Protein chains: 2
Amino acid sequence: MSTDTAQRILDRAQDLMIERGYNAFSYADIAEVVKVSKATIHFHYASKAVLSEQVVRRYREGVMSNLRQLSRQVADAPARLEAYAGYWENCIRTNTAPLCMCALLAAEMLTLPDPVKSEVQAFFRDLEAWLAGTLDDGVRQGALRLPRDSALEAKSLLAVVYGAMLTAHVSRDAAAFAAVVGDAIGRLKAAAPTPSVKKARKRPR
Amino acid sequence: MSTDTAQRILDRAQDLMIERGYNAFSYADIAEVVKVSKATIHFHYASKAVLSEQVVRRYREGVMSNLRQLSRQVADAPARLEAYAGYWENCIRTNTAPLCMCALLAAEMLTLPDPVKSEVQAFFRDLEAWLAGTLDDGVRQGALRLPRDSALEAKSLLAVVYGAMLTAHVSRDAAAFAAVVGDAIGRLKAAAPTPSVKKARKRPR
DNA sequence: GCCAATTAACCTACTAGTTGGTAGAGTGCG
DNA sequence: CGCACTCTACCAACTAGTAGGTTAATTGGC
């Protein structure tokens, strides 16, 4: 079935882009693994730019969908941030994905085709907004205390997570990632802490 | 003169690697600008791996030399950190170098030749050590107060700087870099601040 | 229900251009 | 001379992308 082939091409392209970014993968790489000819890839995706754009768009939508789900499932804002950080710590530790695809693409920004560039920008815009929203939730819950406004704190947290991801990637040190990001989140917790496991009263909104 | 050609090749290779990283520049790109043939580049640098390794090594040595000089010239640790951050803020704002070359190479890590990989690792090792040293200086001077040990704080600061660099690069927003990094440094300043210019007593070790 | 036309999906074989790298022939200088 | 350096001319392998043809399923007219 065709849908299947198109999906499998997209899947493998994503794998390759997570591993190598934009400049270091080729149609031939995909063709080899998916067991189709390069022409088939061109049939489904007119150009490398189009294929890459769709990969990043789907990646972004997937991430944002997961984050929205996380927001629904974990009301407590600090716990939600820790779950987010924990996800990446796990990816790094198990080498599932040692780096967020968009961190890699961000570095390659100047060499990306415009549509891909836009998707990467959208990714960080959305992620930063989610972080800011979660920080606001935490303030409303009385579980977080922000030294600065949530917009700046979200930018800072985003920077810490992606910077820690990058440096941990270089030294292959998942523990360093966990320590740095854990510390950054811990700093935002309200001074009077919920003593570990005592669940904050669950309350809609 | 040959030295001159070799130098010019190295210079231009560095420019290209700062702009595009490892995977998106070619011998032809260099040859065109330096006005020599590709064969000449191969005469001076046997392979792309060797050339890149030397570029990164020189870059690293240059950066570390500048940082040591900064340590000598600016005794006050917070001011030293701010000078370091200010350097990058300027690079980003004026688009001199919108991203540290090693940030880009860190993202490309999995596709780098081994010798280049090692150089990138050495870069971050050295930079982190310099930051830790500066933080220690600040504590000794009474100008900084670290919530955690200097090794972890250095890792955190490194992550903030490189993460902010990456995200600012995506959104082309030097102000965001300055705000995030400035905040991170500000947080480390001792609660009772030296009122701006009062120099801490200079004391060897 | 049957046959012709169309279409989606895929192929092989190719293009033009680029990649890193090499061979070997100058060139100019001490 | 011999040596350091640079060149032209080439290579095989790879790049994204194209041309043109082959299936097999789907559609529409009768």
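Because only heavy atoms are used, hydrogens play no part in the values below, and waters and symmetry mates are left out as well, while side chains stay in. On a predicted model such as this, the values are computed, not experimentally measured, just so you know. Residue numbers begin at 1 in each chain, while the letters A, B, ... track the order of the sequences.
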So does B/D149 pair up with B/K155, basic N to acidic O under 4.0 Å? no
Whole angstroms only, please: what is the OH-P distance between B/Y27 and D/dA9? 22 Å
Is any N or O donor-acceptor pair between the side chain of B/K38 and the base of C/dG20 shorter than 3.5 Å? yes
What's the closest nucleotide to the side chain of B/H42 if the choices are D/dT18, C/dG21, D/dT6? C/dG21
Nearest-neighbour nucleotide for the B/S37 side chain, D/dC10, C/dC14, D/dT8 considered: D/dT8
Reckon A/Y45 touches a base, only the sugar-phosphate, or nothing at all at heavy-atom distances under 4.0 Å? nothing
Could you name each residue pair satisfying ring pair (Phe, Tyr, Trp, His ring centres under 6.0 Å) that touches residues 107-140 of chain B, not counting sequence neighbours? B/Y59-B/F123, B/Y84-B/W130, B/F124-B/Y162
For the side chain of B/K48, counting heavy atoms from C-beta on, which of D/dG17, D/dT6, C/dG20 is nearest? C/dG20
N-O pairing of B/D11 and B/R8 below 4.0 Å: no
Any donor-acceptor pair under 3.5 Å from A/E108 side chain to A/Y22 backbone: yes
Heavy atoms under 4.0 Å, any strand shown: does B/S26 hit a base, just sugar-phosphate, or nothing? sugar-phosphate
Closest of D/dC7, D/dG17, C/dG21 to the B/T40 side chain is D/dC7
Taking CZ from B/F43 and C1' from C/dG26, how many angstroms apart are they, rounded to a whole number? 14 Å
Please determine, for the side chain of A/A39, which listed nucleotide (C/dG21, D/dA16, C/dT12) has the closest atom? C/dT12
